[in-house]
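The first residue in the sequence is number 1, and the count goes up from there. Heavy atoms only: backbone and side chains are in, while hydrogens, waters and symmetry mates are out.
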Amino acid sequence: MNKLASRLILILLLIPAGILNAGSTELAPLVVEDAWLREALPNAQVLVGYMSVENMSRKGMIINSLKSNDFAAIMIHDTNMQDGMTRMREKDNLKIEGRMRIELMPGGIHLMFMSPKRELKEGDKVEVEMRFDNGTNVPVTFVVKRGTAN
């Protein structure tokens, strides 16, 4: 599916979710692209996920949590250097300022998908619900890929 088709589908999903005002002159204020999970070894208890999230509105948005029926929990993590060592730490939420794009990628902000409830292999899809501080929930489909997103 090309990027235009993905954006149109997201716009249609956001109208009933209340994120997109049908009378607005703007396109969908939230665009999620390239959502994927790195394929893990069988019986792995943690998978890592990435995506691009663009907030096209002027107002900041905060992702408070993510949920999937395929995992016990999904956590937002950040990777940074501390005392010469790379460290990961959990974040309580992910703020996306107005007119800003955030790339969740290896070596930076990413998602930790904990305790899978089924074995996932390349090509499988995982439905995730992003929950925002304003009470809005947005569905996102992650695709399992081997190695890198390309």
Side-chain angles (χ1 to χ4, degrees), residues 1-20 22 26-57 60-81 85-97 99-150:
M1 181 180 315
N2 66 35
K3 287 187 179 190
L4 177 60
S6 296
R7 283 183 182 216
L8 290 174
I9 289 170
L10 188 59
I11 288 169
L12 293 174
L13 289 171
L14 293 176
I15 290 172
I19 287 183
L20 178 62
E26 292 184 34
L27 292 175
L30 182 72
V31 177
V32 177
E33 296 177 320
D34 304 321
W36 66 284
L37 285 167
R38 187 183 306 265
E39 183 180 48
L41 295 172
N43 301 318
Q45 291 303 299
V46 179
L47 280 78
V48 184
Y50 310 101
M51 65 181 165
S52 292
V53 183
E54 185 173 2
N55 178 1
M56 298 176 72
S57 74
M61 298 177 154
I62 298 174
I63 300 171
N64 276 343
S65 64
L66 298 102
K67 182 181 182 203
S68 173
N69 291 333
D70 289 316
F71 291 89
I74 303 173
M75 298 184 295
I76 303 166
H77 276 226
D78 195 2
T79 305
N80 54 42
M81 291 294 288
M85 295 185 68
T86 302
R87 300 198 187 266
M88 252 190 332
R89 67 181 174 96
E90 185 177 359
K91 296 173 65 78
D92 291 332
N93 57 47
L94 182 59
K95 184 169 186 174
I96 308 161
E97 297 292 344
R99 309 261 191 240
M100 183 176 179
R101 180 182 189 95
I102 292 183
E103 301 284 338
L104 281 70
M105 60 187 175
I109 299 171
H110 57 278
L111 303 174
M112 300 293 286
F113 289 73
M114 312 301 288
S115 303
K117 296 180 181 175
R118 65 182 172 112
E119 187 174 322
L120 295 165
K121 52 191 180 311
E122 186 174 27
D124 287 343
K125 294 182 180 174
V126 173
E127 299 303 320
V128 173
E129 184 177 88
M130 290 192 308
R131 297 175 171 185
F132 289 83
D133 64 330
N134 66 0
T136 303
N137 299 328
V138 176
V140 177
T141 300
F142 281 73
V143 178
V144 178
K145 296 185 179 184
R146 190 172 290 152
T148 65
N150 296 331

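- A salt bridge is absent between Lys125 and Glu127; no separation between the charged side-chain nitrogens and carboxylate oxygens falls under 4.0 Å.
- Between the Asn55 side chain and the Ile96 main chain, a donor and an acceptor come within less than 3.5 Å of each other.
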Going through the checks in order, is the side chain to side chain contact (heavy atoms under 4.5 Å, CB included) test met by Phe132 and Ile63? CA-CA 4 Å; Phe132 289 83; Ile63 300 171; 3.5 Å; yes
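- Shortest non-hydrogen contact noted between Asn80 and Arg89 is ND2-NE, 3.6 Å.
- When the shell of 6.0 Å around CE of Met112 is examined, it contains more than 12 heavy atoms from other residues, nucleotides or ligands.
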What's the verdict on side chain to side chain contact (heavy atoms under 4.5 Å, CB included) for Leu120 and Val126, showing C-alpha distance, side-chain angles and the deciding distance? CA-CA 9 Å; Leu120 295 165; Val126 173; 3.8 Å; yes
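- In terms of heavy-atom proximity, Asp78 sits nearest to Gly108 at OD1-C, 3.8 Å.
- Between Met130 and the options Leu30, Ile74, Asn64, a side chain to side chain contact (heavy atoms under 4.5 Å, CB included) holds for only Leu30.
- To the nearest 0.5 angstrom, Arg87 atom CZ is 9.5 Å from Met81 atom CE.
- The backbone N or O of Met56 lies less than 3.5 Å from a partner atom in the side chain of Arg99, making a donor-acceptor pair.
- Heavy atoms only, all atoms of each residue included: Pro116 and Ala44 are closest at CG-O, 3.3 Å.
- Here Glu39 pairs with Arg146 in a salt bridge; the nearest charged N to carboxylate O distance falls below 4.0 Å.
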Output, in order, the C-alpha distance, side-chain angles, deciding distance and verdict of side chain to side chain contact (heavy atoms under 4.5 Å, CB included) for Thr79 and His77. CA-CA 7 Å; Thr79 305; His77 276 226; 5.9 Å; no
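- One distance of note links CG of Leu104 with OG of Ser52; it measures 8.0 Å at 0.5 Å rounding.
- Between atom NZ of residue Lys117 and atom CG of residue Asp70 there is a gap of 8.0 Å, rounded to the nearest 0.5 Å.
- Remark: of the listed residues Lys145, Glu103, His110, Arg38, Arg38 is the sole one forming a side-chain hydrogen bond (donor to acceptor under 3.5 Å, both in side chains) with Tyr50.
- Between Glu97 and Lys95, the shortest heavy-atom distance links the atoms OE2-CE, 3.3 Å.
- Distance check, rounded to the nearest 0.5 Å: CG of Asn137 to NZ of Lys67 gives 9.5 Å.
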Would Arg118 and Asp124 satisfy side chain to side chain contact (heavy atoms under 4.5 Å, CB included), going step by step from the backbone distance to the final call? CA-CA 11 Å; Arg118 65 182 172 112; Asp124 287 343; 4.3 Å; yes
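- Between Glu129 and Pro139 the shortest side-chain heavy-atom distance does not fall below 4.5 Å.
- Within 6.0 Å of the NZ atom in Lys121, the count of heavy atoms belonging to other residues, nucleotides or ligands does not exceed 12.
- Rounded to the nearest 0.5 Å, atoms OG (Ser65) and CG (Asp133) are 10.5 Å apart.
- Annotation: the span from Leu37 atom CG to Phe71 atom CZ amounts to 5.5 Å, rounded to 0.5 Å.
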